[in-house]
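A short worksheet on the structure shown next.
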Protein chains: 2
Amino acid sequence: MDSTVRLSDVAKRAAVGVGTVSRVLNGSANVSAATRQKVLHAIAELGYVPNLVARSLAANRTGLIAAIIPVIGNTQHSEVIQGMTDVLHAHGMNLMIGASGYSDQVELQVIEAFLARRPDAIYVTGVRHSEAVRSTLQRSGIPVVEGSNLTDRPIDTVVGYSNFNASVDLTRLLINRGYRRIWYVTVTRDFDDRIDDRLEGFRSAVSTGLELKTDVIRCENSFDGGAEAVRLAMASNVGVEAMIFATDVMAVGGLLECQRRGINVPARLAIAGFDDLTIAASINPSLTTIKVDRVDLGRKAAEIIVNRLQGNDHSSRIVDVGFQVVERDSTRRP
Amino acid sequence: MDSTVRLSDVAKRAAVGVGTVSRVLNGSANVSAATRQKVLHAIAELGYVPNLVARSLAANRTGLIAAIIPVIGNTQHSEVIQGMTDVLHAHGMNLMIGASGYSDQVELQVIEAFLARRPDAIYVTGVRHSEAVRSTLQRSGIPVVEGSNLTDRPIDTVVGYSNFNASVDLTRLLINRGYRRIWYVTVTRDFDDRIDDRLEGFRSAVSTGLELKTDVIRCENSFDGGAEAVRLAMASNVGVEAMIFATDVMAVGGLLECQRRGINVPARLAIAGFDDLTIAASINPSLTTIKVDRVDLGRKAAEIIVNRLQGNDHSSRIVDVGFQVVERDSTRRP
DNA sequence: CTGAAAGCGCTAACAT
DNA sequence: ATGTTAGCGCTTTCAG
């Protein structure tokens, strides 16, 4: 454990060359069992801990993966990170994390800071990035994994699900349940392709239904924002029957506002969300939403990275982890 | 941006020595304005990006901070990380993150893996660790910051709040509001000193009230667990008047169960939680709980680290960020 | 199968 | 103020 012990000390102690110690450390086959034992012994006696910084420089490989998500203190994105660390840790790799704050500029800054540390690969949230980000990432020469959405033109590899399709399916579910006057509530913020695609999915799904009466409004992505949206819907005189929220946070906020105002959900107003936060299944009534296994998405992203780094490059450039429309009570017509 | 450009290339281009380039890179004062300009020019022309791995080895300082939290996909702990990355990024440092999964063993493994990467400092969640962890951390020779709780015997430095005192204050609030038959709901899990201290705080606060009728039960730390606790309380024939949950997750689960069963909160049953999840302020009725600014806690932890690393060692070894008892409707006697 | 030697790209004395 | 040089601790040829 004493960090002043170097590889050369181990070599001396075991009476072998430094190359040999390095070989046993890296599991090279070309070491006799006897020598290996001697070295292992010396390592244990000295409490030697390899200096991974020196290894990184010499081997031109750090074992560090960089990941960028919009905000860290946010379950949806942190769950992906949890999944990534799970598999990376199992492979002796570690994760550096950074937040873009939903900003183009910050994203670029964070990426540049990361690249200076020579990560072996990088994960970025989303599939639409500024040109600067795209080219920086491309020129980096390391595997790039984009996540949490899908695109047919990834920078390198993408692992996610189609926010567009999910939104289409969710909207169609409501239409099939008989709802005709539907409001869609999206977020007052740019630079988030998941949110954008969800809105486009809604628009696409309702574009053919001539008998539909729909509208799109924007609110803050918070419980309060969702409550505000419900207030707006109730204040309007168009007789809104259903509201689809771009996020569960807003949907739950809307649902709670309905509780407060005695609006029966779904009898008077149906509500659907997106993300399947844990609360979605527990709230009253339980919330219809889109579910994605985000921890698994993170695991898959890390597995792709590990495979690429080990030279197993047979994996697809586009990995669809799928989604699930979870119908619950908030949209079940009485 | 081309990572094949080295510092020596810049030196050649600017017609100066490598030492000089290193000096302007590290902001040394001993460089004339003219030379600095020449170097800056060459850097821009070549698109040079310093190799921080090489710097780390040569300077014996990585600019990497390691942080370990129980689970990453969990707002309470991720918010701390968000705060840390905010200030670290502003200082050109980056964060490696790992999860202990509430396991002694895993915590030690992750710490050892991190130390091999020679971080400049390390943050660990909680203040009670195995002897192996304590001694490993102590021998590491780098600043160690423990967080999210308080202790008078930190490994090195601790920044947090007293879970014990918060629990005492919360319990006393209920007693002052006239509640006498109080159940405390804790978590079925070991190795979490925050949860342990909250329980002890409750015990301490009720130990003197002879007229009190209290009990402690254990449930899973989930919405369902909280609901289960409410069911148990209702099924008992001791006339529980108030329930204090060790976490907001359980408290919210309990509250939702009350909604379902038509149990009036707080008239029939008062409910209090811990953590001030965002939902606590929005749920019906709003939830009395303990609030801590966790993002700020993370910022403070990072500031302590940055200061220590810059040699400003005047900061205290024990930093109390405080907590706030937030009384809301769920405990306000009608 | 093993040892010796040459770097990896940078920083930090040490000269000048 | 600036150039030169010796490492930082490891991996990886290259011989043998």
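Quantities reported herein were computed from a predicted structural model and do not represent experimental measurements. By convention in this document, chain letters (A, B, ...) are assigned in the order of the sequence lines, proteins followed by strands, and residues within each chain are numbered from 1.
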Atom-to-atom span, [atom1] of [X] to [atom2] of [N] - whole angstrom:
| X | N | atom1 | atom2 | answer |
| --- | --- | --- | --- | --- |
| A/R118 | D/dC10 | CZ | P | 21 Å |
| A/D9 | D/dG9 | CG | C1' | 10 Å |
| B/L57 | D/dC8 | CG | P | 9 Å |
| A/K38 | C/dC1 | NZ | P | 14 Å |
| A/R117 | C/dC8 | CZ | P | 22 Å |

Checklist entry - At how many degrees, to 10°, do the end axes of the helix from C/dC1-D/dG16 to C/dT16-D/dA1 meet when each uses five pairs? => result 40°
Taking side chain to side chain donor-acceptor pair (under 3.5 Å) as the definition, give me every residue that meets it alongside [X], ordered by chain and number, with sequence neighbours left out.
| X | value |
| --- | --- |
| A/S32 | A/T35 |
| B/D196 | none |
| A/N74 | none |

Checklist entry - Does a side-chain N-to-carboxylate-O contact under 4.0 Å join B/D296 and B/K300? => result yes
Item to check | B/V319 vs B/L150 side-chain heavy atoms within contact, under 4.5 Å | outcome: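 Of all side-chain heavy-atom pairs linking B/L150 with B/V319, none is under 4.5 Å.
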Checklist entry - Is the shortest side-chain N/O distance from A/N30 to OP1 or OP2 of C/dC1 below 4.0 Å? => result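 Looking at the OP1 and OP2 atoms of C/dC1, one of them is under 4.0 Å from a side-chain N or O of A/N30.
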Base, sugar-phosphate alone, or nothing: which one does [X] contact when heavy atoms must sit under 4.0 Å apart?
| X | value |
| --- | --- |
| B/A34 | nothing |
| B/V53 | nothing |
| A/N60 | nothing |

Run the side-chain donor-acceptor check on residues 91-101 of chain B: report pairs under 3.5 Å with partners two or more places apart or on a different chain.
from	atom 1	to	atom 2	distance (Å)
B/N94	OD1	A/R117	NE	2.8
B/S100	OG	B/Y102	N	3.2

Checklist entry - For residues 302-311 of chain B, which residue pairs qualify under side chain to side chain donor-acceptor pair (under 3.5 Å), counting only residues two or more places apart or in two chains? => result B/D156-B/R308, B/T157-B/R308, B/R308-B/D313
Item to check | Residue pairs involving residues 100-110 of chain B (criterion salt bridge (charged side-chain N to carboxylate O under 4.0 Å, His left out); sequence neighbours excluded) | outcome: none
Show which side-chain atoms of residues 61-70 of chain A pair as donor or acceptor with protein atoms under 3.5 Å away, not counting sequence neighbours.
from	atom 1	to	atom 2	distance (Å)
A/T62	OG1	A/L64	N	3.1
A/T62	OG1	A/R118	O	2.8
A/T62	OG1	A/D120	OD1	3.4

Item to check | Summary of protein contacts for nucleotides 11-16 of chain D, nucleotide by nucleotide, where a base hit scores B, a sugar-phosphate-only hit scores S (4.0 Å, heavy atoms) | outcome: BBB---
